[in-house]
Amino acid sequence: MSKDVYIVHCIDTEGPLYESIDASFKRLKEIFGVDLAASKENLKRLQNKEIDLNGVEDLVADAFAEKRIQTLGTWDQIDNILDELMSKEFRERLLDSDGNGWVYNWFCLDHVGFTGNNPRRRDAGFGNVYTHYYSKLYENKSEKIDLLQFHYHPLPFNGAYNYAGTAYVNSNNIFQILARRIIDNHSFPAAYRAGMEAERPDAHWFLEQWIPFDYSCNSYYKMNEERQPDLREGRYGDWRRATKKWHPYHPSYEDYQLPGSCHRWITRCLSLDSRLVKLGLEDVRQAFIQAEEGPTILSFSNHDFRDMREEIEYVRLLIQRVSKEYPDVKFHFSNAVTAMQKAENLLPESVGLEIRPCIDEEHDSAIFYIKAKNHIFGTQPFFAFKTISGQYMWDNLDYGESLNMWSYVFDDKTLNISAIQQVAVAANSPSGVTEILIYHVKTGCIEKYYPGK
């Protein structure tokens with residue numbers, strides 16, 4: 001049996017992030033309770049550990065090191081880095097066992113639903129980050145190499161752009177984002193990364209309905225959690241009980257951190273370099289060792305609003321070193337979907353979505369019959385529609401008369417069919433093959449999309 005390690009670089013893709021020096025010192029107070037006047041001089045002294053902070057000098061120096069606070073605040077700054085990252089020369093500085101270069105997985109976030117000021121100058125709007133990267137991939141001839149997937153920050157109760165909540169279903173926000181991504185961008189995710197790696201029961205059950213591959217698990221052997229006041233006790237991403245192996249697992253219905261009988265796959269994904277922890281040589285070595293038991297997925301994450309070049313070179317050196325120690329183990333640079341398919345021997349079967357409308361013009365109503373030729377992941381396709389007035393909506397489907405059949409009624413109890421512009425359905429197969437159908441009410445035209453192909 002061959003021994004394989006699939007290497008998946010996940011990027012929380014959020015667009016530009018500007019941080020003023022005042023904002024840096026505000027974070028210093030929020031995280032460590034240190035109240036200092038905001039100035040470049042004080043920042044330099046903190047970085048050099050020249051200020052007595054009652055024992056947290058090293059932590060503060062690391063958290064506010066130049067590499068952490070130097071963010072890319074405009075699209076021009078990000079694009080300059082992307083042009084190099086996506087170049088053939090940069091990708092192929094290290095080739096995998098198949099002779100292929102580096103692969104990026106861009107998990108795109110929509111900055112929507114927030115209120116008040118936008119001090120970090122986020123690119124706010126539905127699909128803004130996604131469409132920018134979509135264009136950039138085509139510009140750099142990378143559309144057949146890299147993957148665009150889904151990243152989400154739940155809304156905090158205070159609505160602030162700078163923060164993230166942990167609840168998915170106390171607002172319509174995530175349904176709006178996905179409905180628009182299907183209808184406007186002809187895309188639907190098969191892989192996902194949670195904002196702040198934060199999953200709670202509602203997120204767990206939400207994902208279980210539609211998204212088969214989850215790269216949110218940051219289960220570390222040793223964390224600086226107890227020394228990071230704002231991240232204690234799993235404040236955001238709580239994966240302390242999850243496996244420390246590099247093998248995906250099906251989660252339990254009661255606890256997403258434990259193996260069970262749910263259908264989606266969760267796999268470990270560690271930060272390349274954060275103030276909480278840093279992917280290390282032993283982590284990489286562990287993935288190669290565990291390949292003896294079966295294929296492993298070595299996945300790691302960082303952010304696009306930082307210059308990623310140094311971090312990528314760092315992990316390449318780790319991979320290069322460990323691969324020489326285990327010459328019988330093959331390593332493959334991979335996208336997030338293919339890695340799961342290969343690691344778990346999931347045959348990439350299609351869904352075979354069909355949609356058939358029966359429109360009753362006299363009563364201004366319609367029944368949409370939806371069918372999948374093969375099994376889908378989850379209990380129903382994601383069903384969305386756009387109204388003539390420009391609203392995007394999601395709803396549950398009714399079950400059909402047999403397996404893999406559903407229906408939906410437009411009438412005066414929901415919305416009359418004359419109020420609807422487009423109807424869309426999206427679904428993944430259990431192996432992560434995505435299909436989308438969009439029906440245009442006015443013309444009767446049906447568009448079919450196969451994202452990821």
Side-chain angles (χ1 to χ4, degrees), residues 10-32 34-47 60-86 104 106-136 148 151-156 158-165 173 177 193 195-198 228 230-231 236 271-276 301-312:
C10 301
I11 303 160
D12 292 348
T13 307
E14 303 180 6
L17 177 74
Y18 167 80
E19 180 167 294
S20 67
I21 193 163
D22 288 336
S24 295
F25 277 82
K26 182 180 179 183
R27 284 200 302 116
L28 174 68
K29 185 175 180 180
E30 288 178 350
I31 297 169
F32 297 104
V34 175
D35 193 0
L36 283 176
S39 69
K40 291 183 179 179
E41 180 184 356
N42 277 342
L43 179 59
K44 186 62 67 177
R45 292 176 66 202
L46 289 170
Q47 292 168 339
V60 169
D62 178 66
F64 292 88
E66 202 66 26
K67 65 179 180 179
R68 300 207 193 288
I69 62 172
Q70 282 261 347
T71 58
L72 304 173
T74 67
W75 276 120
D76 285 344
Q77 291 175 338
I78 288 180
D79 287 346
N80 287 336
I81 303 295
L82 291 180
D83 288 338
E84 181 174 348
L85 293 179
M86 293 181 183
Y104 305 101
W106 308 97
F107 288 79
C108 297
L109 175 72
D110 284 14
H111 299 289
V112 294
F114 299 94
T115 57
N117 295 326
N118 184 4
R120 300 293 192 271
R121 303 176 187 174
R122 303 276 199 174
D123 188 349
F126 288 103
N128 288 13
V129 174
Y130 179 93
T131 54
H132 188 94
Y133 274 86
Y134 183 88
S135 298
K136 204 67 187 173
L148 294 174
H151 181 52
Y152 179 63
H153 282 201
L155 297 177
N158 64 13
Y161 275 90
N162 302 346
Y163 304 108
N173 199 51
I177 291 169
R193 265 189 55 76
M196 307 288 288
E197 291 88 21
Q228 301 290 338
D230 59 327
L231 300 175
Y236 286 102
S271 173
L272 262 180
D273 185 8
S274 74
R275 61 186 172 92
L276 194 64
S301 66
N302 58 357
H303 285 84
D304 68 325
F305 53 70
R306 291 195 173 91
D307 186 343
M308 295 186 288
R309 291 174 293 187
E310 183 178 333
E311 292 179 351
I312 294 170

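These figures come from a predicted structure and were not determined experimentally. Throughout, residue positions are numbered sequentially from 1 according to the sequence presented.
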(message) How about CD on Glu84, more than 12 heavy atoms from neighbouring residues, nucleotides or ligands closer than 6.0 Å, or not?
(response) yes
(request) For residues Pro16 and Ile78, report the shortest heavy-atom separation together with the two atoms involved. (result) N-CD1, 3.4 Å
(message) Closer than 3.5 angstrom, by distance alone: can the side chain of Asn42 be matched with the main-chain N or O of Ala38 as a donor-acceptor pair?
(response) no
(request) Report the residues that fulfil side chain to side chain donor-acceptor pair (under 3.5 Å) with Asn128, sequence neighbours left out, ordered by chain and then residue number. (result) Asp123
(message) Below 30° counts as parallel, above 60° as perpendicular, anything between as tilted: where do the rings of Tyr133 and Trp75 land?
(response) perpendicular
(request) Quick one: do Leu82 and Tyr104 satisfy side-chain contact (heavy atoms from CB on, under 4.5 Å)? Show the steps, please. (result) CA-CA 11 Å; Leu82 291 180; Tyr104 305 101; over 6 Å; no
(request) May I have the step-by-step check of side-chain contact (heavy atoms from CB on, under 4.5 Å) for Glu30 and Asn162, ending in yes or no? (result) CA-CA 12 Å; Glu30 288 178 350; Asn162 302 346; over 6 Å; no
(message) Is there a side-chain contact between Asp273 and Asn302 in this structure, where contact means two heavy atoms from C-beta onward sitting under 4.5 Å apart?
(response) no
(message) If I take atom CD1 from residue Ile11 and atom OG from residue Ser301, how far apart are they, to the nearest 0.5 angstrom?
(response) 9.5 Å
(message) Quick check for you: to the nearest 0.5 Å, what is the distance between Arg193 atom CZ and Phe107 atom CZ?
(response) 7.0 Å
(message) So Lys40 and Ile21, do their side chains get closer than 4.5 Å, heavy atoms only?
(response) yes
(message) Tell me every residue that passes ring pair (Phe, Tyr, Trp, His ring centres under 6.0 Å) with Phe114, counting only those two or more places apart in sequence or in another chain.
(response) Tyr161
(request) Give, for atom CD1 of Ile81 and atom CE of Met86, the distance between the pair rounded to the nearest 0.5 Å. (result) 12.0 Å
(request) Could I get the full list of ring pair (Phe, Tyr, Trp, His ring centres under 6.0 Å) partners for Phe64, not counting sequence neighbours? (result) none
(request) Applying ring pair (Phe, Tyr, Trp, His ring centres under 6.0 Å), name anything that partners Phe25, two or more places apart in sequence or on another chain. (result) none
(request) State which residues pass side-chain contact (heavy atoms from CB on, under 4.5 Å) with Gln77; sequence neighbours excluded, sorted by chain then number. (result) Leu72, Thr74
(request) Could you tell me which non-hydrogen atom of Arg68 sits nearest to which non-hydrogen atom of Asp62, and how far apart they are? (result) NE-O, 2.8 Å
(request) Could you list the residues that satisfy ring pair (Phe, Tyr, Trp, His ring centres under 6.0 Å) with Tyr152, not counting sequence neighbours? (result) Tyr168
(message) Just verifying a value: how many Å separate Arg120 CZ and Ser20 OG, rounded to the nearest 0.5 Å?
(response) 6.5 Å
(request) With sequence neighbours excluded, give me every salt bridge (Lys or Arg N to Asp or Glu O under 4.0 Å) pair touching residues 126-136. (result) Asp83-Lys136, Lys136-Glu139
(request) For the pair Lys67 and Asp307, evaluate salt bridge (Lys or Arg N to Asp or Glu O under 4.0 Å) and give the outcome as yes or no after the intermediate values. (result) CA-CA 8 Å; Lys67 65 179 180 179; Asp307 186 343; over 6 Å; no
(request) Count the heavy atoms of every other residue, nucleotide or ligand shown that sit under 6.0 Å from CD of Glu41, and state whether that count exceeds 12. (result) no
(message) So, using side chain to side chain donor-acceptor pair (under 3.5 Å) as the criterion, who are the partners of His111 when residues are at least two apart?
(response) none
(message) Quick check for you: to the nearest 0.5 Å, what is the distance between Leu85 atom CG and Ile312 atom CD1?
(response) 5.0 Å
(request) Tell me, please, which residues at least two apart from Glu19 pass side chain to side chain donor-acceptor pair (under 3.5 Å). (result) Ser24, Arg27
(message) Could you work out, with side-chain contact (heavy atoms from CB on, under 4.5 Å) as the rule, every residue matching Ser135, not counting sequence neighbours?
(response) none
(message) Lys29: which residues meet the side-chain contact (heavy atoms from CB on, under 4.5 Å) condition with it, sequence neighbours left out?
(response) Asp35
(message) To the nearest 0.5 Å, what is the distance between CG on Asp304 and CG on Leu17?
(response) 9.0 Å
(message) Give me the atom names and distance for the closest heavy-atom approach of Pro156 to Ala164.
(response) CB-C, 4.1 Å
(request) Without swapping roles, check the side chain of Asp110 against the backbone of Val112 for a donor-acceptor pair under 3.5 Å. (result) no
(message) Show the nearest heavy-atom pair for residues His153 and Leu109, with the distance to one decimal.
(response) N-CD1, 3.4 Å
(request) Could you tell me which residues satisfy side chain to side chain donor-acceptor pair (under 3.5 Å) with Tyr130, sequence neighbours excluded, listed by chain and number? (result) Ser187
(message) Looking at every non-hydrogen atom in both residues, tell me the closest pair between Asn173 and Gly113 and how far apart they are.
(response) OD1-CA, 3.8 Å
